[in-house]
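Counting convention: from 1, in listed order, for ligands and their atoms alike. Remember, it's a predicted structure, so these values are computed and weren't measured experimentally.
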Amino acid sequence: MSAPEAVVGLEIHLRVATRTKLFCGCPVTFGAPPNTACCPVCLGHPGALPVLNAAALEKGLRLAAALGFEVPELVSFDRKSYGYPDLPKGYQITQLDRPLGRRGQLAYETADGRTAGLRLVRLHLEEDAARSEHSPHESRLDFNRAGVPLLEIVTAPDLRSPGDAVRAARAIREIARAVGASGAALERGEMRVEPNVNVRGADGAVTPITEVKNLGSFAALRGAIRFEIERQTAVLADETGSRREGRTTRGWDEEREETVLQRRKEAEAQYRYFPEPDLPPVRIDPALLERLAAELPELPAVRRKRLRVDHGLPETDAAILAAEPGLAAAFEATRALGVPAREAAGWWLGDVRKALRQRDLDLGDRSDLATGLGRLAARVSDGSLPRVVARELLARALDEDRDPEALLEERGRADRPTPEELARAVEAAMGALPEATAAVAGGKEAALGPLVGEVLRRTGGRADPRTARDALLRTIPRPG
Ligand SMILES: [Zn+2]
């Protein structure tokens, strides 16, 4: 008998990158003291009226355009009722019948490098719930998150493996970031993924669908799907009827690496959906859709291919750069300064990315530094700045929030080598590179490059290339 086949679909929640909440003017915060960003609207006080955040709608439409969704002429909102402490109104405002988009399409790359398609069923806007915190003796609620705008994407169950599910989720994340719809930082709770998993046997028998809630990392997504496939494959083989238990919702236990039953799934009718009476339907201007489609930036898959073809980058480098628009732009700007692709990639993907990560930063947070950092890479490349010094300047630029070139200039002024130091560095460089020295002595000035680099290294980058060059020419005996 052939192995059972996994059937996987995803529900992805993305926090929309807006300053304020979906239906009120409260700021969207991260890490602010609890209950400091709420008002009567997002606390659900009687009589408070929601007003739709136009920026959230526009960002949603931008994502719809990037994912090829069909956007209806009229979109509208609905109430989804359920009683839960984190839902102050007793219902959530979401979209049921007329969402932002239907029938979208995602192209993502599979493990063997093929391009696969994933049908996207719908895209809608909704508000987030409050955050609850449970301890043995009490439960606390933080309403800062209540009313924060979310975009939900529901995919068709076209995925067949944990790996493809992760790759598809990553592709959606990259696109959402590229179009500015969401920061989609999982570690900040800006993206949550909920896979629907079931297993189909060779004889056509299927297990009930399980939904795993609230996964906040790609590792959890991969682990939860893998676990469910194994668990349900066993259910399929079990003849006692456990496969007829019905749809269930499960949670992911990170430590034990297994899913745990949470509840039997409510039927939609129990949510008592009905049109939101306080929000009129919104007519979507076709001209706006056209403009948003025309303004779409280069999407990651296209960019990845271009980085590979135009710059000859290896696939992994191209993929990392393509996922980070800011980094890709910085890389290309550095290439434009004449830095070879390998060196530019080494600087941005190695040194800069590591330094940013150590400080928990994104290049987007420091995009003003990109030009200066690119120039440092160019100096390293032409041999006028030792790499260790460039790294040190990079660290200082990030820590002190200063322009790296200004730091470099300051460093040069404050700390030029004395003539004695320079002379010692020149002697040492000549000793270290006897062949180059002999070539220069023989009249070949082109051989000076490595010697200049060596002098700069030996002065810790404090000598400038011209001074080093002159000192070498003065010191090395030459014909004529
Ligand atoms: Zn509010």
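A donor-acceptor contact under 3.5 angstrom links the side chains of Glu343 and Ser381, judged on distance only.
Geometrically, Arg167 does not engage Tyr108 in a cation-pi contact defined by less than 6.0 Å to the ring centre and at most 45° from the axis. The cationic group of Lys80 lies under 6.0 Å from the six-membered ring centre of Tyr271 and within 45° of the ring axis, placing it in a cation-pi geometry.
Checked against Lys89 for a side chain to side chain contact (heavy atoms under 4.5 Å, CB included), the options Arg79, His45, Glu127 give a single hit: Glu127.
Less than 6.0 angstrom separates the ring centroid of Phe23 from the ring centroid of Phe77.
Protein atoms that are N, O or S and lie under 2.8 Å from the Zn ion (ligand 1) are these: Cys24 SG, Cys26 SG, Cys39 SG, Cys42 SG.
Between atom CG of residue Leu296 and atom CZ of residue Arg291 there is a gap of 11.0 Å, rounded to the nearest 0.5 Å.
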